[in-house]
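Shown next, in C-alpha cells, is the structure this report addresses.
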Amino acid sequence: MERQDLNTFIRQRMENLNWLREKGYSGYGDKYPTTHGAGQVQDNFAQLEGQEVSLSGRLLSRREHGKAMFGDISDQTGTVQLYLRVNSVGEDNFSIFQSLDIGDLIGITGEVFKTRRGEITVNVSSFSLLAKSLRPLPEKWHGLKDVDLRYRQRYLDLIVNPEVRDIFARRSKIIAAIRRFLDSREFLEVETPILQPIPGGGNARPFITHHITLGRDLYLRIALELYLKKLIVGGFERVYEIGRNFRNEGFSHKHSPEFTMLELYQVNTDYEDMMELTENMISLVAREVLGSEIIEYQNININLTPPWKRMTMVEAVREFTGVDFSEVDLEEAVDFAEEKGVKIKPGMSWGEILNEFFEQKVEENLIQPTFIMDYPVEVSPLARKIDNQPGFTYRFEGFIAGLEVANAFTELNDPLDQRERFARQVAQREAGDEEAHMMDEDFIRALEYGMPPTGGLGIGIDRIIMVMTDSKNIREVILFPPMRPEE
RNA sequence: GGGCCAUUAGCUCAGUUGGCAGAGCACCUGACUUUUAAUCAGGGUGUCCCAGGUUCGAAUCCUGGAUGGCUCACCA
C-alpha cells in the first residue's frame, strides 16, 4: 500500500465492500459469460429489441430514482444504459446494486428496450459484481486532463477518455495494415537483437546495459539497419522488422527515448523504388484505416495520394532560403549561415552546413507529403554515393506535416567505401561527437562477402501514427511514454 | 541543459490589496419506478507541491528545491 492513510473515498468503498462481504459476496466474482458488447447492443437494436443480452463492463454513472435506477455500463465496444427496478430484481438485489460504486466492474443480464426518451437500454434482471473498484474515478464531464497523471496512470486515462482508447485502437490497425501491405509483397518479418555489442545504423547516444554472466556492457539498439542488411547478405531478398529503438536523448513533441521503427530492405531496388513503396504504403494504410487519402492534421488537410512532391535538398534549401548551394563554396556557406541565422558548429563541412540549412529552415515547412532527395555524403554514412556527384548520396527523407517520417537510401554495398565512411565517423567520434557511428567490423565483413544492390527504408511508426490520429505530441500515441520515476 | 509558465478537495478549476479555504462534478444523508451532465433538500471531505524566510497574520510576498507544460538547443 503506497499510503498508510487511506483517504475518505477509499475508506467508503472499503466499507461498501465489507458490507457486501458480510452478506456473503467476495466483491471479486467469477467470469461472467457475455452475449454482446455494449456497442453491439447500440448498433443492433432492431434485432435485439425484446431479447435478453448479457454484458460485462465498468459502471460509469448512476441515476437513482427511488425504487428504480439508471446507469451506464462501458466495455471495449462502447457504452450502453442499464435500467434496474425493484420489481425486476427484488429488494435485496436492488440494495446491493445501490451499494455499488462508480467504477465497479459488473456483469448484467436483461432485455433490450428503448426508453421513452429513445435511449437504448438493458432492463436488468440479474447482475453480478465482478470486481470492486476501491478508488474514485476522475470526473465524468471534464475527464482527466492532467497529462502527468494521464501518462503515469494510462489505465485511468483509458477508462475516462474514450478518444484515447480510439487512438490506440487506430495505432494497432495502422500497424496491422502496414504488415498486410508488406506481407502481400512477400516481405519476411524478422527479429534482430535489441542487446547489441556495437549500436549501429544511426547517429545517437545509446543506452548502456550490463550482461552479468558475460561480464560486459551491451547497448540497446539505436536502429535496425545493420542486422537487417546482414540478412540481405545471407540471401533473404525482402525483409522487414517493426521494433523498438532506444536513443539516449531528451523528449520533445516528436521525440521519445524509446520509439518504434519500421525498417525494410529489398534487393534489386534503389531509392526511387523506395519512394514509390513509401507513398503507396502510406496512402494505402490511410485508405484502409481512415477511409481516405486526404486526412486532417491540426486543422490542415493533407493529401497522401501518390505521387508525392520530390525535391533535392539543394533545391529545397534554395526555395526556402534563397541560398543556392550548387554555386556556394564552404567559405560562402559559412557566411550565408551567419546571414540567414543558421546555427552551425566550427569545422563543419560544406555538406553538413547544407544539412543544417535544410533542418533549420526547410523541414518545418514541408506540410504536404514531400520527398527530399540527395543528402550530403557526410551525413549519410550508410548510403551509396551518387555516381557523378560523389558529395551526395542516393538518400531521401519523407516529410509530412513538418515531421520526418521516412528515411531511405540505395544501400552502400561497397565494403571498401563503407570502411572509409566508418573511419571518418570514428574520427568524428574521437573528436568528441558522441553520436557518430562506431566501426562495425562484422558488418564490413558481411559486405565483403557481397551484398546485392538493395534499397532500404525506415519509417517512424509513432510519427506516422501521430499524423493519422491528429496527435501533436508523440506521447499521445505511446501507451506508457517514458517518464521520470514517481516520487 | 537554458528561458517562460504552472502546481489549491478524488477530478476540472476559481481564489481580489497579505486577513476564517471556495465552485461544479464526484462523494455522504434523505425524497423520487423511463432518467440521461436526472431532479429536489441537506452535508466540505483539504499537507493550498515541499523546505526555509519576511510578517501580528502567507494559498497569496521572498529564497531554495521537486514535478509537469510550452519553448530553444541535439536527435527520427
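This one's a predicted model, so the numbers in the text were calculated from it and none came from an experiment. A note on names: the letters A, B, ... follow the listed sequences, proteins ahead of strands, and every chain is numbered from 1.
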When the [atom1] atoms of [M] and [N] are compared, how many Å lie between them, rounded to an integer?
N	M	atom1	result
B:C25	B:A37	C1'	8 Å
B:G44	B:U55	C1'	30 Å
B:U60	B:U8	C1'	11 Å
B:C27	B:G10	C1'	9 Å
B:U54	B:G15	C1'	22 Å
B:A26	B:U63	C1'	38 Å

Could you tell me the separation between the [atom1] atom of [X] and the [atom2] atom of [N], rounded to a whole number of Å?
X	N	atom1	atom2	value
A:Tyr151	B:U67	OH	P	18 Å
A:His253	B:C75	NE2	P	14 Å
A:Phe9	B:C28	CZ	P	9 Å
A:Asp148	B:G69	CG	P	7 Å
A:Asn355	B:C74	CG	P	11 Å
A:Glu356	B:C72	CD	C1'	15 Å
A:Arg135	B:A9	CZ	C1'	16 Å

Mind running a 4.0 Å heavy-atom check of [range] against RNA chain B and sending the residues that fall below it, in number order?
range	result
residues 57-81 of chain A	A:Arg63, A:Glu64, A:His65, A:Gly66, A:Lys67, A:Ala68, A:Phe70, A:Gln81
residues 469-483 of chain A	A:Asn473, A:Arg475
residues 217-231 of chain A	none

> Is there a donor-acceptor pair under 3.5 Å between the side chain of A:Arg85 and the backbone N or O of A:Ala68?
Replying inline: no
Within a reach of under 6.0 Å around [atom1] of [X], are more than 12 heavy atoms found that belong to other residues, nucleotides or ligands?
X	atom1	answer
A:Glu52	CD	yes
A:Glu163	CD	yes
A:Glu189	CD	yes
A:Phe113	CZ	yes

Students often get this wrong, so: under 4.0 angstrom with heavy atoms, is [X] touching a base, only sugar-phosphate, or nothing?
X	result
A:Gly458	nothing
A:Leu149	sugar-phosphate
A:Asp146	sugar-phosphate
A:Gln12	sugar-phosphate
A:Asn407	nothing
A:Lys254	base

Tell me whether the side-chain N/O atoms of [X] come closer than 4.0 Å to OP1 or OP2 in [N].
X	N	value
A:Arg85	B:U33	no
A:Arg205	B:C75	no
A:Arg247	B:C75	no
A:Lys114	B:U34	no
A:Arg152	B:G68	yes

For the side chain of [X], starting at C-beta, report the closest nucleotide among [options].
X	options	value
A:Val147	B:G68, B:U12, B:U35	B:G68
A:Arg117	B:U33, B:U35, B:C27	B:U35
A:Phe113	B:C27, B:U34, B:G69	B:U34

>> Under a 4.0 Å threshold between the charged nitrogen and the carboxylate oxygen, would A:Glu263 count as salt-bridged to A:Lys229?
In response: no
> Where does RNA chain B form stems of at least three consecutive Watson-Crick or G-U wobble pairs, each pair having both distances below 3.5 Å?
Replying inline: B:1-7 with B:66-72, B:10-13 with B:22-25, B:27-31 with B:39-43, B:49-53 with B:61-65
> Any donor-acceptor pair under 3.5 Å between the side chain of A:His142 and the base of B:C11?
Replying inline: no
>> Enumerate the side-chain hydrogen bond (donor to acceptor under 3.5 Å, both in side chains) contacts for residues 426-437 of chain A, please, sequence neighbours excluded, ordered by first and then second residue.
In response: A:Asn203-A:His437
> Which pairs pass side-chain hydrogen bond (donor to acceptor under 3.5 Å, both in side chains) with one or both residues in residues 95-112 of chain A, sequence neighbours excluded?
Replying inline: A:Asn16-A:Asp101, A:Tyr32-A:Thr109, A:Ser54-A:Thr109, A:Glu64-A:Gln98, A:Asp101-A:Lys132, A:Asp104-A:Lys132
>> Applying side chain to side chain contact (heavy atoms under 4.5 Å, CB included), can you list everything that pairs with A:Pro257, at least two apart in sequence or on another chain?
In response: A:Phe207, A:Phe251, A:Pro482
> Listed by chain and number, what are the side chain to side chain contact (heavy atoms under 4.5 Å, CB included) partners of A:Asp335, not counting sequence neighbours?
Replying inline: none
>> Protein within reach of the bases, or only the backbone? For nucleotides 1-7 of chain B, mark each nucleotide 5' to 3' as B, S or -, using heavy atoms under 4.0 Å.
In response: -------
List the atom pairs, with distances to 0.1 Å, where a side-chain N or O of residues 354-363 of chain A and a protein N or O form a donor-acceptor pair under 3.5 Å, not counting sequence neighbours.
from, atom 1, to, atom 2, distance (Å)
A:Asn355, ND2, A:Glu359, OE2, 3.3
A:Glu356, OE1, A:Gln360, NE2, 2.8
A:Gln360, OE1, A:Lys343, N, 2.8
A:Gln360, NE2, A:Lys343, O, 2.8
A:Lys361, NZ, A:Lys340, O, 3.4

>> A:Asn245 vs A:Glu258, test: side chain to side chain donor-acceptor pair (under 3.5 Å). Steps then yes/no.
In response: CA-CA 6 Å; A:Asn245 286 343; A:Glu258 57 177 289; over 6 Å; no
> When you look at A:Tyr271 and A:Arg384, which way does the side chain to side chain contact (heavy atoms under 4.5 Å, CB included) test go after all the steps?
Replying inline: CA-CA 10 Å; A:Tyr271 81 147; A:Arg384 181 172 152 179; over 6 Å; no
>> Using the side-chain hydrogen bond (donor to acceptor under 3.5 Å, both in side chains) criterion, which residues pair with A:Arg170? Sequence neighbours excluded.
In response: none
> Residues two or more places apart in sequence or in another chain: which of them pass side-chain hydrogen bond (donor to acceptor under 3.5 Å, both in side chains) with A:Asp92?
Replying inline: none
> Would A:Tyr227 and A:Gln196 count as a side chain to side chain contact (heavy atoms under 4.5 Å, CB included) if you check the C-alpha gap in whole Å, the side-chain angles of each, and the deciding distance to 0.1 Å?
Replying inline: CA-CA 10 Å; A:Tyr227 280 95; A:Gln196 304 184 345; 3.4 Å; yes
> Given A:Leu382 and A:Arg395, is the side chain to side chain contact (heavy atoms under 4.5 Å, CB included) satisfied, shown in steps?
Replying inline: CA-CA 9 Å; A:Leu382 300 166; A:Arg395 173 184 178 192; over 6 Å; no
